[in-house]
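Working notes for the structure below.
Source: prediction; values computed, not measured. Proteins come first, then strands; the chains are lettered A, B, ... in the order of their sequence lines, and each starts at number 1.
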Number of protein chains: 2
Amino acid sequence: MTHTTTELAQALVDACKAGREATHAMQTAIYSPDAVSVEPQAMGPEGAEAVGLAAIQGKGDWWYDNHTVHSLETEGPFVHGDQFTVIFTMDVTGSVGPMAGQRFQGREVGLYTTSNGQITREQFFGPPMPAA
Amino acid sequence: MTHTTTELAQALVDACKAGREATHAMQTAIYSPDAVSVEPQAMGPEGAEAVGLAAIQGKGDWWYDNHTVHSLETEGPFVHGDQFTVIFTMDVTGSVGPMAGQRFQGREVGLYTTSNGQITREQFFGPPMPAA
């Protein structure tokens with residue numbers, strides 16, 4: 001059975017709202033094994049890009065392991081052809097590194113690309129960095 | 001002078017917040033003459049795509065001419081490489097056609113692509129259409 005972009009988009013939003021386990025299971029079900037995830041900026045030595053479903057799920061595990069999530073809201077989806085966007089609003093406290101103990105709120109937009117009934121790419125948009 | 005993606009993004013958001021005249025002037029200043037604008041669905045006989053700055057500004061004029069704008073909020077920008085996204089929240093009443101006299105609220109995401117210091121493409125994402 002092939003999913004439409006709207007079906008994939010709704011499944012992603014529902015899973016993100018349901019939390020960590022549901023998100024992991026959704027990714028296994030509807031992400032391409034070769035999917036690529038790209039952050040706005042490099043996150044440490046791994047760089048900005050995670051290639052493959054295992055790397056994407058590993059990134060999600062790292063994030064959940066290293067943040068206390070006070071709230072994570074997911075709004076959308078907003079659809080256009082074979083792509084869709086989702087708005088994330090988060091309120092978290094970091095537990096390691098420079099953000100340890102720091103509570104912060106953020107908002108970002110995720111842009112997802114689908115192909116042949118799977119999600120093949122996710123790309124995150126964040127607030128502009130201050131000019132260097 | 002070449003603008004960075006963040007500069008273009010901030011200029012677009014500032015102009016959208018300032019309203020119709022500022023938006024038109026901003027488009028003249030920082031859109032490519034060959035820019036393309038794509039709606040989620042075809043809007044009447046013109047289809048979903050407007051090609052060229054004149055067509056894009058014509059679409060904006062049509063929209064402002066045919067809606068009473070109670071509020072139009074612009075949030076962002078959210079940046080990723082040579083692209084950025086903006087969230088629009090609108091409260092309008094249609095003045096012609098099937099929407100004449102109908103007040104409605106909507107939210108959409110705009111995805112913008114830049115190249116050589118200009119905006120070259122805008123693409124709008126809206127709520128999924130009900131399944132046929």
With a 4.5 Å cut-off on side-chain heavy-atom distances among I, L, V, M, F, W and Y, is there a chain of contacts connecting [X] to [Y]?
X	Y	value
A/Phe124	A/Leu72	yes
A/Ile119	A/Val79	yes
A/Leu53	A/Tyr64	yes
A/Ile56	A/Leu12	yes
B/Leu111	A/Tyr112	no

- Message: Tell me which of these, A/Pro127, A/Pro77, A/Gly126, has more heavy-atom pairs under 4.5 Å with chain B than the rest.
- Response: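 It is A/Gly126.
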- Atom of B/Pro128, atom of A/Thr6 and distance for their closest heavy-atom approach: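 So the minimum-distance heavy-atom pair works out to CB-CG2, 3.5 Å.
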- Within 6.0 Å of CG in A/Asn116, more than 12 heavy atoms from elsewhere: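 At most 12 heavy atoms, drawn from other residues, nucleotides or ligands, come within 6.0 Å of this atom.
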- Query: What is the distance from atom NE2 of B/His80 to atom CD of A/Glu39, rounded to the nearest 0.5 Å?
  - Reply: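 Nearest 0.5 Å value for the NE2-CD distance: 8.5 Å.
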- Item | Interface moiety of B/Glu75 toward chain A, non-hydrogen atoms closer than 4.5 Å |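 Contact with chain A: side chain only.
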- Query: Hey, which residues of residues 85-104 of chain B are touching chain A, say heavy atoms under 4.5 Å apart?
  - Reply: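 Residues of residues 85-104 of chain B touching chain A at under 4.5 Å: B/Thr85, B/Ile87.
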